[in-house]
Engineer: 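Please find one structure pasted underneath; my questions will follow.
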Amino acid sequence: MNDQRVYNFSAGPSMLPLSALERAGAEITNYRGSGMSVMEMSHRSKVFLQIFEETQSKLRRIMGVPEGYQILFLQTGASGQFSMIPLNLIGKTGRADYAVTGNFSNLAYQEAQKYGQIHLAASSADRDHSYIPRQDQLELDPRASYFYYCANNTIYGTEWDYVPETGDVPLVCDMSSNILSAPVDVSRYGILYAGAQKNMAPAGLTVVIIRKELAGHELPYTPLMMNYQTMIDKDSMYNTPPCWCIYMLGLTLDWVEEQGGIPEMARRKQLRSSMLYDTLDSSRLFHCHAEKGSRSGMNVTFRTDSPELDAKFAQEATDAGFVNLKGHRKVGGMRASIYNAMPVEGVEKLCDFIKKFDRNN
Ligand SMILES: *Cc1c(COP(=O)(O)O)cnc(C)c1O
């Protein structure tokens with residue numbers, strides 16, 4: 001690793017693969033002989049259209065996106081999907097099911113209430129979102145237009161280890177913080193989406209993968225720019241797409257493929273997270289927020305019994321080159337976000353640091 005770079009445990013925007021950054025750096029003033037940067041070229045130019053199409057097809061290949069699904073590159077932010085989903089899908093029956101397992105699914109649940117009858121199909125609020133409800137705890141409404149959940153709870157550090165079974169009701173899933181980290185059977189979903197800034201690219205791009213037949217039934221007052229059908233018809237180019245972020249996503253996907261694809265990302269995820277949880281579980285001082293069986297492989301939330309000691313830990317960690325470990329204010333303590341681009345070695349060194357801190361305090 002480039003020696004001035006720190007191990008950055010930020011929840012997002014977060015680390016990107018070094019090779020992607022270096023490639024972007026090398027191409028920053030003159031993209032492959034075009035005489036200009038990707039930031040400076042028309043989104044309708046031949047050279048950019050090639051970047052766009054290649055990025056789309058790389059993602060399709062790497063995630064195994066089946067025919068009948070469109071990959072959209074939007075600018076809404078993941079939070080924009082909280083509105084776009086009900087606007088486009090709820091018209092079918094006027095009802096939808098939501099599983100609230102953390103901050104972002106709760107925001108999506110609140111927002112959806114503007115547009116229809118929203119049913120709380122499950123909630124983990126009773127134990128401060130420290131667990132994921134099991135299939136038999138989901139209260140499913142067979143008349144729901146869709147079932148919504150968030151696959152990985154970035155703030156609380158929990159992750160669904162199963163895909164909910166909802167019969168004929170389409171699944172809609174926020175995968176912002178775990179997309180590309182493990183194999184996903186896209187055919188089980190109506191829509192899956194992710195803000196790019198956790199595991200894919202810089203902030204500004206939202207990737208939506210949608211079963212095309214679900215589009216075209218939007219509520220009549222749906223803003224043009226929030227209509228999936230508009231974006232499908234124009235292949236995400238109704239207006240200027242987030243060109244630079246799409247290019248960066250392409251570079252990240254090249255890295256994913258060179259490393260061995262999603263199976264290798266999943267292997268490293270398992271390695272990093274089990275190492276970190278084992279270290280925390282065998283410490284005297286630290287405990288994890290998430291219950292065993294629900295723990296996230298991407299965001300590890302932990303703390304000591306003392307806020308002062310937590311602050312001391314975060315400070316000493318920063319001084320030692322492990323940055324952005326302070327937890328989100330909703331949970332307190334610490335959070336280590338260990339996305340795809342975090343080297344296994346970064347987590348090994350963090351574990352050594354945790355062990356040392358545990359002995360000395
Ligand atoms: C970060 C995050 C969001 C919010 O993303 P924005 O692009 O900032 O709107 C939503 N859902 C999850 C799971 C996230 O991690």
Side-chain angles (χ1 to χ4, degrees), residues 8-16 72-87 98-112 122-125 129-133 146-161 163-164 171-182 184 189 191-209 223 225-226 231 236 241-242 244-246 248-249 252 269 273 289-290 294-301 324 326-331 335-342:
N8 178 8
F9 294 89
S10 168
S14 39
M15 282 186 92
L16 287 166
L72 297 174
F73 294 143
L74 307 182
Q75 306 215 33
T76 59
S79 305
Q81 294 303 305
F82 302 168
S83 322
M84 200 160 168
I85 287 159
L87 278 164
Y98 276 68
V100 171
T101 56
N103 176 64
F104 294 110
S105 48
N106 187 46
L107 294 173
Y109 168 67
Q110 302 292 339
E111 174 65 9
S123 166
S124 53
H129 298 307
S130 59
Y131 71 102
I132 298 294
Y146 60 92
F147 175 95
Y148 181 101
Y149 76 110
C150 175
N152 183 72
N153 297 286
T154 321
I155 291 178
Y156 292 91
T158 59
E159 186 171 10
W160 292 64
D161 67 348
V163 179
L171 277 180
V172 173
C173 185
D174 178 354
M175 294 192 185
S176 294
S177 49
N178 67 353
I179 195 165
L180 301 179
S181 73
V184 168
Y189 293 87
I191 294 180
L192 64 87
Y193 74 93
Q197 69 273 22
K198 313 287 165 55
N199 219 5
M200 293 193 288
L205 167 66
T206 306
V207 173
V208 175
I209 302 178
M225 289 288 296
M226 289 220 142
M231 290 303 185
S236 306
W244 173 258
C245 298
I246 293 167
M248 287 300 302
L249 171 59
T252 298
K269 175 186 189 178
S273 59
H289 179 74
S294 297
R295 290 168 163 185
S296 168
M298 299 267 98
N299 309 95
V300 177
T301 44
N324 290 318
K326 192 172 173 322
H328 190 278
R329 71 197 133 67
K330 286 199 150 119
V331 186
R335 171 177 53 174
S337 296
I338 46 176
Y339 299 121
N340 284 354
M342 172 58 68

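Atoms within a ligand are numbered from 1 in the order they appear, just like the ligands themselves.
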Engineer: Please work out which of the three classes, parallel, tilted or perpendicular, describes the rings of H289 and Y156, given edges at 30° and 60°.
Structural biologist: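 Ring orientation, 0 to 90° scale: tilted.
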
Engineer: In terms of the angle between their ring planes, are F82 and Y148 parallel, tilted or perpendicular, with boundaries placed at 30° and 60°?
Structural biologist: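 Correct class here is perpendicular.
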
Engineer: Starting from the N and O atoms of ligand 1, collect every protein N/O partner closer than 3.5 Å and put each pair on its own line with the distance to 0.1 Å.
Structural biologist:
{"unit_1": "ligand 1", "atom_1": "7 (O)", "unit_2": "A78", "atom_2": "N", "d": "3.0"}
{"unit_1": "ligand 1", "atom_1": "7 (O)", "unit_2": "Q197", "atom_2": "NE2", "d": "2.9"}
{"unit_1": "ligand 1", "atom_1": "8 (O)", "unit_2": "Q197", "atom_2": "NE2", "d": "3.4"}
{"unit_1": "ligand 1", "atom_1": "9 (O)", "unit_2": "A78", "atom_2": "N", "d": "3.3"}
{"unit_1": "ligand 1", "atom_1": "9 (O)", "unit_2": "S79", "atom_2": "N", "d": "2.8"}
{"unit_1": "ligand 1", "atom_1": "9 (O)", "unit_2": "S79", "atom_2": "OG", "d": "2.6"}
{"unit_1": "ligand 1", "atom_1": "11 (N)", "unit_2": "D174", "atom_2": "OD2", "d": "2.6"}
{"unit_1": "ligand 1", "atom_1": "15 (O)", "unit_2": "T154", "atom_2": "OG1", "d": "2.5"}
{"unit_1": "ligand 1", "atom_1": "15 (O)", "unit_2": "K198", "atom_2": "NZ", "d": "2.5"}

Engineer: Can you see whether N152 engages N299 through a side-chain donor-acceptor pair at a distance of less than 3.5 angstrom?
Structural biologist: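 The criterion, which ignores hydrogens and geometry beyond distance, is satisfied for N299 and N152.
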
Engineer: Establish, from distance only, whether the side-chain atoms of S124 and H129 form a donor-acceptor pair under 3.5 Å.
Structural biologist: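 There is such a pair between these side chains.
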
Engineer: Does anything in residues 146-161 pair up under salt bridge (charged side-chain N to carboxylate O under 4.0 Å, His left out), and if so which pairs, sequence neighbours excluded?
Structural biologist: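 Found R134-D161, E159-K269.
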
Engineer: Students often mix this up, so state it plainly: with edges at 30° and 60°, are the rings of F147 and W160 parallel, tilted or perpendicular?
Structural biologist: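 Perpendicular: the ring planes of F147 and W160 meet at over 60°.
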
